[in-house]
Amino acid sequence: MFNLIEGDFISRYAQAYGEWSDLEVRFLLNNLRADSNVVEVGSNIGMHAIPIARHIEHGKLFCFEPQRVIFQTLCANISLETFAKFPQIP
């Protein structure tokens, strides 16, 4: 479950198709171990971050999103997942 942003391209795509770049997410998950550490720059609303965080249960994921409103939506989506491994840096 994701909070989406009205009018945002990625949000519109996710709402219409139920995912964003599913092939990329599957590629990443196939190449990451449970103890991998990941830095995601341009995390947007977390459409990659959330599945990665679920997969790397013993690693760490650092997300960076410079756009304030999108960053706030990313934080909301992270809190929906209740992951303690997400350091939130504005």
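These numbers come from a predicted model, not from an experiment.
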Task: Leu61 vs Cys63 side-chain heavy atoms within contact, under 4.5 Å - done: yes
Task: Euclidean distance, Glu24 CD relative to His48 NE2, rounded to 0.5 Å - done: 4.5 Å
- [ ] Please tell me if the side chains of Val38 and Lys60 come closer than 4.5 Å, counting only heavy atoms from C-beta onward.
- [x] no
Open item on the list: Quick check: do Leu80 and Asn3 have side-chain heavy atoms less than 4.5 Å from each other?
Closed with: yes
TODO: Starting at CD of Gln72, measure out to CD of Gln67 and round the result to the nearest 0.5 Å.
DONE: 11.5 Å
Task: Exercise: identify the closest heavy-atom pair between Val25 and Trp20 - done: CG2-O, 4.2 Å
Task: Note, Phe64 side chain near Val39 side chain (heavy atom, < 4.5 Å) - done: yes
Open item on the list: With a 3.5 Å distance limit and no angle check, can you tell me whether Ser11 reaches the backbone of Leu4 through a side-chain donor-acceptor pair?
Closed with: no
Open item on the list: What's the separation between atom CG in Asp8 and atom CD1 in Ile70, rounded to the nearest 0.5 Å?
Closed with: 5.5 Å
TODO: Check for a donor-acceptor pair, side chain of Thr73 on one end and backbone N or O of Val69 on the other, with a separation under 3.5 Å.
DONE: yes
Task: Within-4.5 Å side-chain heavy-atom neighbours: Arg12 and Phe9 - done: yes
Task: Donor-acceptor contact below 3.5 Å, side chain His55 vs main chain Leu29 - done: yes
Task: Side chain Glu57, main chain Ala34, donor-acceptor under 3.5 Å - done: no
Open item on the list: In the structure I gave you, are the side-chain heavy atoms of Ser21 and Met47 within less than 4.5 Å of one another anywhere?
Closed with: no
Open item on the list: Do Ser36 and Arg33 have side chains that approach each other closer than 4.5 Å (heavy atoms only, starting at C-beta)?
Closed with: yes
TODO: Would you kindly confirm whether Tyr17 and Ile45 end up in one hydrophobic cluster when ILVMFWY residues are joined by side chain heavy atoms under 4.5 Å apart?
DONE: yes
- [ ] Please answer: with hydrophobic residues joined when any side-chain heavy atoms are less than 4.5 Å apart, are Val41 and Phe62 in the same cluster?
- [x] yes
TODO: Please round to the nearest 0.5 Å and tell me the distance separating atom CD1 of Ile52 and atom OG of Ser43.
DONE: 8.5 Å
